[in-house]
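Worksheet for the structure shown next.
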Amino acid sequence: MAAKRGTDEMRDRVVLGEFGVRNVHTTDFPGNYPGYEDAWDQRRFEEAFRVDIIREEEGALEFDMVGIDAAIANAFRRILLAEVPTMAVEKVFVYNNTSIVQDEILAHRLGLIPIRADPRLFEYRNQGDEEGTEIDTLQFQLKIKCSRNPQAAKESSDPNELYFNHKVYSKHMTWVPLGNQTELFPDADFRPVHDDILIALLRPGQEIDVLMHCVKGIGKDHAKFSPVATASYRLLPDITLLQPVEDEAAEVLQKCFSPGVIEIQNIKGKKVARVANARLDTFSREVFRHEGLKNLVRLARVRNHYIFSVESTGILPPDVLVSEAIKILMGKCQRFLNELDSVPTE
């Protein structure tokens, strides 16, 4: 029975020790353990696999993906970062720039401004095309000039009072329809995601006059096309108290973990510690610094339970990004299967 428990722990848990981590590598492959049926079975996978939405806010999504391998979880994360397409500034035509920001730096800053435009409405621009069309290009103009405020007090030193348009923000970028885009997108509101992104500072007489072409691309080609601010996952924490922890030891134990992980109950006049919500812990392993506690707690992570956090840049909602990433992953799988079918058999 003890051997079976040890095998189960090796298969299901990644254990964090004081000086290392155990059971890191996947071991549940066919024939590795007598008495365990680890051959791939679609029915068993479908019964075990699930996705639970934990928290959904504007721009952020947290969900659990349970019953998959680390390779699939990481592939999904990488697709979110690098293969879900967006629209971003690709070409900048500088007609006038007398600001202190060099042309190439200005173009770089403009390229990193997230553009609120659904990439599913556009096609990829053909390589080598000089001119954009209404189906593959969005055009924006930034034309602004700084001037003095004649009504400003003479003793004032505040630039906000002294000058007009001395700060160039992303809100000054305006959409210029190409071709018949006005008819194609009658309800469109193409613009930067945030209006308050500072692009440059001007002084009287300085101006910026540029035209920008936004195209469809993926983060694998350039980071400006990445649709997420962050996309990460972690294994579900699993904290087990091996013995009762009471009174002063319970209070010390509570301080070793993130707030909300350990709670103290009053049972028959004694303070008794219990694990309230292991999910909140970040596993600092602070408990191992206390000689009287480190052998009373087992820290582990559930091997096939992944907590995903997706934070969108605002171009698309995070739930849409997740669904698009799933479609891309399905497409990759289908192409692989087609390749297998096309290989001649002898």
Side-chain angles (χ1 to χ4, degrees), residues 12 14 26 28-29 38-88 114-125 135-136 138 188 193 214-237 279 301-342:
D12 300 335
V14 176
T26 302
D28 54 345
F29 49 85
D38 287 322
W40 168 257
D41 182 80
Q42 182 173 342
R43 181 188 58 80
R44 190 165 63 242
F45 169 78
E46 291 177 353
E47 291 176 353
F49 178 75
R50 74 177 193 271
V51 175
D52 300 327
I53 305 298
I54 304 301
R55 177 174 55 88
E56 185 173 6
E57 301 172 354
E58 184 180 1
L61 178 67
E62 182 180 326
F63 64 94
D64 290 0
M65 193 175 287
V66 185
I68 58 171
D69 188 74
I72 304 300
N74 196 49
F76 184 69
R77 180 190 67 87
R78 290 172 66 96
I79 289 172
L80 277 169
L81 288 170
E83 296 190 54
V84 176
T86 64
M87 302 291 289
I115 304 298
R116 180 165 290 166
D118 193 335
R120 296 170 293 182
L121 301 175
F122 298 89
E123 302 293 334
Y124 285 101
R125 191 164 172 175
I135 64 171
D136 61 22
L138 273 177
V193 172
C214 299
V215 301
K216 186 175 180 177
I218 57 175
K220 189 162 56 176
D221 296 331
H222 196 287
K224 66 186 177 185
F225 291 111
S226 183
V228 293
T230 180
S232 62
Y233 64 80
R234 60 190 178 98
L235 292 174
L236 177 71
R279 183 189 186 91
R301 291 187 182 270
V302 181
R303 183 185 295 278
N304 67 346
H305 190 134
Y306 296 89
I307 302 173
F308 273 87
S309 296
V310 179
E311 183 179 336
S312 171
T313 58
I315 297 173
L316 289 172
D319 57 323
V320 174
L321 295 178
V322 170
S323 63
E324 289 298 306
I326 292 172
K327 292 176 184 177
I328 293 172
L329 184 57
M330 291 171 63
K332 287 176 175 287
C333 295
Q334 189 59 53
R335 286 195 296 274
F336 178 68
L337 293 174
N338 293 340
E339 288 291 329
L340 291 179
D341 293 337
S342 64

Note, E83 side chain near R78 side chain (heavy atom, < 4.5 Å): no
Partners passing ring-ring contact (aromatic ring centres under 6.0 Å, His included) against F76 (at least two apart in sequence or in another chain): F308
Main-chain N/O of P227 paired to T313 side chain as donor or acceptor, under 3.5 Å: yes
With sequence neighbours excluded, residues passing side-chain contact (heavy atoms from CB on, under 4.5 Å) with D136: R125, T133
pair R335-E339: side-chain heavy atoms closer than 4.5 Å: no
Shortest non-hydrogen contact between P119 and L316, atoms and distance: CD-CD1, 3.9 Å
Pairs where residues 303-321 contributes a residue and the test salt bridge (charged side-chain N to carboxylate O under 4.0 Å, His left out) is met, not counting sequence neighbours: none
Atom pair CZ/CD1 of F225 and I218 - distance to nearest 0.5 Å: 9.0 Å
R50: partners by side chain to side chain donor-acceptor pair (under 3.5 Å), with sequence neighbours left out: D52
Derivation and outcome, side-chain contact (heavy atoms from CB on, under 4.5 Å), residues I72 and M65: CA-CA 10 Å; I72 304 300; M65 193 175 287; 5.8 Å; no
Separation between CD of E324 and CD1 of I326, rounded to the nearest 0.5 Å: 10.0 Å
Residues in side chain to side chain donor-acceptor pair (under 3.5 Å) contact with R116, at least two apart in sequence or another chain: none
Minimum heavy-atom distance P318-G59, with the two atoms named: CG-C, 3.8 Å
Of all pairs that satisfy salt bridge (charged side-chain N to carboxylate O under 4.0 Å, His left out), the ones with a partner from residues 59-75, not counting sequence neighbours: R55-E62, E62-R279, D64-R279
By side-chain contact (heavy atoms from CB on, under 4.5 Å) - contacts of L81 (at least two apart): R77, V228, A231
Residues forming a side-chain contact (heavy atoms from CB on, under 4.5 Å) with F45, sequence neighbours excluded: W40, F49, I68
All side-chain contact (heavy atoms from CB on, under 4.5 Å) counterparts of L235, not counting sequence neighbours: V14, R301, Y306
With E47 via salt bridge (Lys or Arg N to Asp or Glu O under 4.0 Å) - residues at least two apart: R43
Set of residues satisfying side chain to side chain donor-acceptor pair (under 3.5 Å) with respect to K224, sequence neighbours excluded: E90
Partner residues of Q334 under the side chain to side chain donor-acceptor pair (under 3.5 Å) criterion, sequence neighbours left out: N338
For the student: nearest non-hydrogen atoms of R44 and D41, plus distance: N-OD2, 2.7 Å
Over all atoms of both residues, closest heavy-atom pair of I115 and C214: CG1-SG, 4.1 Å
Beyond-backbone contact of N74 with Y233, side-chain heavy atoms, under 4.5 angstrom: yes
Shortest non-hydrogen separation from I315 to A117 and the atoms involved: CG2-O, 3.8 Å
Non-hydrogen atoms of K216 and E123 that approach each other most closely: CB-O, 3.9 Å
Gap separating the CD1 atom of I135 from the OH atom of Y124, nearest 0.5 angstrom: 14.0 Å
V84 and I79, any side-chain heavy atoms less than 4.5 Å apart: yes
